[in-house]
Structures are given as structure tokens and as C-alpha cells.
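Remember, it's a predicted structure, so these values are computed and weren't measured experimentally.
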Protein chains: 2
Amino acid sequence: MRNTSTPPHGAYLWGKEIKHMQSSSRFSVGVHVLTLLATNPPGELLTSDRMAGSVNTNPVVIRRILGQLKQAGLVEVRAAAGGTHLRRDPAAITLLDVYRAVETTDERLFSMHENPNPQCLVGRNIQAALDGTLHRAQLALERELAGTTLAQVVERVREPAG
Amino acid sequence: MRNTSTPPHGAYLWGKEIKHMQSSSRFSVGVHVLTLLATNPPGELLTSDRMAGSVNTNPVVIRRILGQLKQAGLVEVRAAAGGTHLRRDPAAITLLDVYRAVETTDERLFSMHENPNPQCLVGRNIQAALDGTLHRAQLALERELAGTTLAQVVERVREPAG
DNA sequence: CATATTGTAACAATATTAGTTACAATAAAA
DNA sequence: TTTTATTGTAACTAATATTGTTACAATATG
């Protein structure tokens, strides 16, 4: 019998201790929502119900993601007879901003098995041996996401061919 | 009521239609196992029980991953009084090989919400607008994984400081 | 004050993962 | 040939994440 009391596996880089990285559709929904806001006539607000109609989901799902985008400073949400609008120029919002805003549970791409046997050379050193590569892999991915702005997405949505 | 019959969300690039990308510890366990095999005296075999002792998990978990590594041509597994040994030089196995071998359920990093409203400009074009960036992000990550070999991991395990 | 909207709790359904037990199939060794 | 250790795999549990849903209090706008 092994691992009866300890958690089965754990996180990789950058603090927090949550288990899985479960890439969700939150990221694409987040980009969708922000694109809607960016293409909305300036000054006008959008309700979660309207946005849910475009994404084709439940308004609560939109509100949950809006809450994350709000916390990241990307949007302002007004209750009551309100709605949402962007707080930054679309050219100043990158896909990495969105990714980081919505993928809260575990920002790492790789999980590590938690309790390798320290009496074994490999078990003792495998984590440190992998750390650098996995970190670089994550950075490479984030660099790509940081290279696309919401303004560019809007442009491509407006001109699908070009 | 929306989306009552269709699956809630779907995969992104490259065929297959499975739902979540749930990055597991299978990748790190796979690398751990291969590192054990690479540091094992040549000619000798390792049993799943021995490897489970180093990883600190159940032998069946090891055998499941060995099955995937075998299918990818990285190891040869012999039943009975058997065990496992590498089928390639450690310098000819990259971390991308391992990643692809074990992350079978969904090799994509990003999922897309599946049924955006086609009557909306954004809903109609958001997928295509995101496709290129997400593809490049995935390629950037894979390029990093392809840049580290099992031989390098072995080296770092043997000399943790350098 | 009336009202539309947000924020959030609570729950169901689904999926993935790690861990576990059990056992038939297999091949090496005695 | 028999014994035996090991693999391969099915079946199950527990934990967790996610999406969708209902319900309703809080809120601010008009």
C-alpha cells in the first residue's frame, strides 16, 4: 500500500498547490467575450445575456468569466441596469492576459508526481532535472500568446479572408 | 435552454474529438521511468514493481504508462520473468516523444467552445481568428520539448549541481 | 420606488485521473 | 513439463474540474 494519506500528485511551477491543469474552454470564451466588447459601439454596454447568446451558453457561465476578466482589470462590469465594457484599448490586451485571467486553478502546463523515492538517485533528482525544460516550454507558449492582441483578433474576425 | 443535446465543448486542433486536455503526471512519470531504464546496467531488465518503488506509486500505474511507451516504440516489455528495457539510445529520445506517447486523450492545449452563434459576426469567425495563434503556441511548446533528450535528463540526474 | 442586471451559492451530469484489487496470459527457468 | 514471476487488462473507487442550470439576494439605474 502506497500513498494512502498524501495527495496523489501535485503542481509544477510557480506556487499554488492545486492538482490538475484542466484546460477549459474558458480561454476561448473569454476571448470571444472580449471580442464582442471590442466590436460593440463605444459607450454601449453588453449584458451577460446578450453575450451568452453569441457564445451559445448560459448567462451564468459568462458572468463567471466576466468576474475573472474584471479581477484582471480587463473589463468593468456594472450591476443593475448595467452591463460590461472594456477597460483597456484592444491593442493593449494580449491573449496571454486573457489566458492568465481565466486559467486560475493551475497556470502550469505540467504536473509532477509528488513523492518520488528519495533513496533512489533518479527519484531524488528527477524533479530538478526536468524543471528547466518544462519552465522553458511554458515560457515559449506564453510568449506566443503574448504576441497576439485582442485588436488583431478583432481584425481577423472582421476580415476572415485576409 | 441551450445546448441540451450537443456535447458541451470540444477539442481544438488536429482531429480527434475528445473533451478536456487534462495534463496529468503521466508525462513526468514516463520520463522518470525512462530515466530509470537509461541508468539501469545494460542488459538488465526492470520490473514494474521496482519502478513503482522509485516513482512511489502502484505497479499498475507504471504498467499502464509502459504500455503507452511500448506502443510508441520507446521500450520493449517482456512478460513472465521479464521486465523492460529501452529500444532506443537515450540521445535519440526527446521529451516530445514522451509527451506524445502518454498524453493520448487530447494532444491539444486549448479547447474551444463548440457552438458559437453563426448569426453573430464574432460567433461566426472567432474560431478561425484564434486558430493560427493557438497552433503556433502549441508548436512553440513542442519545439522546446523536442530540444531536450532523455540523455540530457540522465546527465542532470547524475550531476544535480552541474 | 420599480426594475433589470449582476454576483454567487448550490446542485447535477460528465469526464479524467490515480490508485487499487483481481486474475488470466505468458514465457522463462527449474 | 511443471513452477513461478511478471505482464496485460478489466473493473471499481475516490477525488477533482468543468459546464450547465436554477434560484435568489444585492445593487444601482432611471
Side-chain angles (χ1 to χ4, degrees), chain A residues 1-11 17-29 45-52 55-71 75-85 102-106 111-115, chain B residues 1-11 17-29 45-52 55-71 75-85 102-106 111-115:
Chain A
M1 238 186 286
R2 282 185 251 259
N3 273 350
T4 52
S5 63
T6 51
H9 59 293
E17 302 203 330
I18 311 161
K19 300 306 138 53
H20 297 274
M21 136 83 188
Q22 199 144 326
S23 180
S24 54
S25 59
R26 282 198 305 269
F27 173 66
S28 64
V29 172
L45 303 181
L46 273 177
T47 67
S48 62
D49 210 65
R50 290 279 306 279
M51 296 192 260
V55 173
N56 193 21
T57 186
N58 191 288
V60 174
V61 172
I62 300 295
R63 278 180 239 155
R64 281 203 280 245
I65 290 171
L66 282 178
Q68 298 182 286
L69 297 175
K70 180 174 74 172
Q71 204 164 4
V75 301
E76 185 178 337
V77 186
R78 295 239 292 274
T84 306
H85 65 95
V102 300
E103 299 297 342
T104 55
T105 47
D106 190 338
S111 295
M112 205 80 177
H113 54 296
E114 258 211 337
N115 303 108
Chain B
M1 241 190 283
R2 283 185 250 256
N3 273 350
T4 52
S5 63
T6 51
H9 59 293
E17 300 204 332
I18 311 161
K19 301 305 139 52
H20 295 275
M21 134 87 188
Q22 197 143 326
S23 181
S24 54
S25 60
R26 282 198 305 270
F27 173 66
S28 66
V29 172
L45 303 180
L46 273 178
T47 67
S48 62
D49 210 64
R50 291 278 305 279
M51 296 192 261
V55 174
N56 194 19
T57 185
N58 191 288
V60 174
V61 173
I62 300 296
R63 279 179 238 155
R64 281 202 280 246
I65 290 170
L66 282 178
Q68 299 182 285
L69 298 175
K70 181 173 73 173
Q71 205 165 3
V75 300
E76 185 179 336
V77 186
R78 295 239 290 274
T84 307
H85 65 94
V102 301
E103 299 296 344
T104 56
T105 47
D106 190 338
S111 295
M112 204 82 175
H113 55 295
E114 258 209 339
N115 303 109

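For the pair B/Q68 CD and D/dT9 C1', the computed distance is 14 Å after rounding to whole Å. The nearest whole Å value for the distance from the CZ atom in B/F27 to the P atom in C/dA18 is 14 Å. One interatomic measurement links the two molecules: CD of B/E76 to P of D/dG8, which rounds to 11 Å at whole-angstrom precision. Taking atom CG of residue B/N56 and atom C1' of nucleotide C/dA18, one finds them 13 Å apart after rounding to whole Å. Atom CG of B/N58 is separated from atom P of C/dT21 by 7 Å (rounded to the nearest Å). Between the CD1 atom of B/I62 and the C1' atom of D/dT9 there is a distance of 16 Å, rounded to whole Å. Regarding B/E114, its CD atom lies at a distance of 16 Å from the P atom of C/dT14, rounded to whole Å. In this structure, CG of A/L69 is placed 11 Å from P of C/dG7, rounded to the nearest angstrom.
Here the CD1 atom belonging to B/I65 is positioned 8.0 Å from the OG1 atom belonging to B/T57, to the nearest 0.5 angstrom. To the nearest 0.5 Å, atom CD of residue B/E103 and atom OG of residue B/S24 are 4.0 Å apart.
Of the candidates D/dT9, C/dG19, C/dA10, C/dA10 carries the atom nearest the A/R64 side chain, counting heavy atoms from C-beta on. Which of C/dT21, D/dT18, C/dG19 sits closest to the side chain of A/R26 comes down to D/dT18.
Not one N or O on the side chain of A/N115 forms a donor-acceptor pair closer than 3.5 Å with the backbone of B/N56. With B/T47 contributing its side chain and B/R50 its backbone, the two residues share a donor-acceptor pair below 3.5 Å. For B/S28 (side chain) and A/H113 (main-chain N/O), a donor-acceptor pair under 3.5 Å exists by modelled atom type.
Listed by chain and residue number, nothing satisfies the side chain to side chain contact (heavy atoms under 4.5 Å, CB included) test with B/Q71 (two or more places apart in sequence, or in another chain).
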Could you write out each protein N or O paired with an N or O of nucleotides 4-7 of chain D at a distance under 3.5 Å?
| residue | atom | partner | partner atom | Å |
| --- | --- | --- | --- | --- |
| D/dT6 | O4' | B/A80 | O | 2.5 |
| D/dT6 | O2 | B/A80 | N | 3.4 |
| D/dT7 | OP1 | B/S48 | N | 2.9 |
| D/dT7 | OP2 | B/S48 | OG | 2.7 |

